Amino acid sequence: MITKYNNTKIFEEGVKVIRLSEVYLIRAEARAKQTGKDALAAANLDVISKHADASVATTTATRAALQSLILVENRKEFAFEGHRLFDLIRNRLGFTKYRTGGTTIPIPANSNKTILPIPLAETEYRAE
């Protein structure tokens, strides 16, 4: 049983739209992708990871290793909230789709299967 939300009897708890932890991780990811901003990105990551566990060592990773740590923290912070697929697509990472019956489908990073459709109402021109 996932106990992330308090009301586990009828599941009528409001969905969290955005939290401060998400803002910190978005900023950390953006800074990690900029040249020369690794220290700032690591500081943002540390705010979130140390909030969950004060004994965590200060982040010293840089570049790709730092980006990987940010993705791991994203995965932990937003478990079961539907963020993971968007994190993988945004960072151009492949993944494995697990289907019932034990079959798997490897989805490479450049797959067209990760492109979400644009609603028809958004593509039709309407003069107002």
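What's counted below: heavy atoms across the whole structure, side chains too, no hydrogens, waters or symmetry copies. These numbers come from a predicted model, not from an experiment.
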What do the steps show when you test E81 against R19 for salt bridge (Lys or Arg N to Asp or Glu O under 4.0 Å), and what is the final call? CA-CA 12 Å; E81 293 184 22; R19 298 190 298 262; 3.3 Å; yes
Using side chain to side chain contact (heavy atoms under 4.5 Å, CB included), reason through L85 and F95 one step at a time and then give a plain yes or no. CA-CA 9 Å; L85 178 62; F95 58 94; 3.6 Å; yes
The test is side-chain hydrogen bond (donor to acceptor under 3.5 Å, both in side chains); show your working for K37 and N44 and say whether it passes. CA-CA 11 Å; K37 302 274 185 170; N44 290 149; over 6 Å; no
The test is salt bridge (Lys or Arg N to Asp or Glu O under 4.0 Å); show your working for D87 and R90 and say whether it passes. CA-CA 5 Å; D87 290 343; R90 183 179 61 253; 2.7 Å; yes
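With a 4.5 Å cut-off on side-chain heavy atoms, T58 and K50 count as touching. Taking 4.5 Å as the limit, every side-chain heavy atom of D38 sits out of range of all side-chain heavy atoms of R31. Inter-residue side-chain proximity for R92 and N110 is flagged as unmet; no heavy-atom pair is nearer than 4.5 Å. Residues E29 and N74 have side chains in contact (heavy-atom distance under 4.5 Å, counting atoms from C-beta outward). In this structure, E22 and H83 have side chains that are in contact, with non-hydrogen atoms separated by less than 4.5 Å. Within the 4.5 Å cutoff, the side chain of L69 has heavy atoms near those of the T59 side chain.
From Y24, atom OH reaches atom NE2 of H51 across 10.5 Å, with rounding to the nearest 0.5 Å.
Following chains of ILVMFWY side-chain contacts shorter than 4.5 Å, one can reach L66 starting from V47, so the two form part of one hydrophobic cluster. No chain of hydrophobic side-chain contacts below 4.5 Å, direct or via other Ile, Leu, Val, Met, Phe, Trp or Tyr residues, connects L40 to I70. In the hydrophobic clustering of ILVMFWY residues, with side-chain heavy atoms under 4.5 Å counting as a link, L88 and F86 come out apart. Connection of I48 to V72 is not established within any shared hydrophobic cluster, with ILVMFWY side chains joined at heavy-atom distances below 4.5 Å, either directly or through further cluster members. Linking ILVMFWY side-chain heavy atoms closer than 4.5 Å, directly or via other members, places L25 and L20 in a single hydrophobic cluster.
Listed for the S111 side chain is no donor-acceptor partner under 3.5 Å among the backbone atoms of P108. For S49 (side chain) and L45 (main-chain N/O), a donor-acceptor pair under 3.5 Å exists by modelled atom type. A donor-acceptor contact shorter than 3.5 Å links the side chain of D53 to the backbone of S55.
No more than 12 heavy atoms of other residues, nucleotides or ligands shown are found within 6.0 angstrom of NZ on K97. Counted within 6.0 Å of CZ on R99, heavy atoms from surrounding residues, nucleotides or ligands total 12 or fewer; the atom is thus considered open.
In plain terms, the two heavy atoms of A41 and A32 that are nearest each other are CB-N, 3.5 Å.
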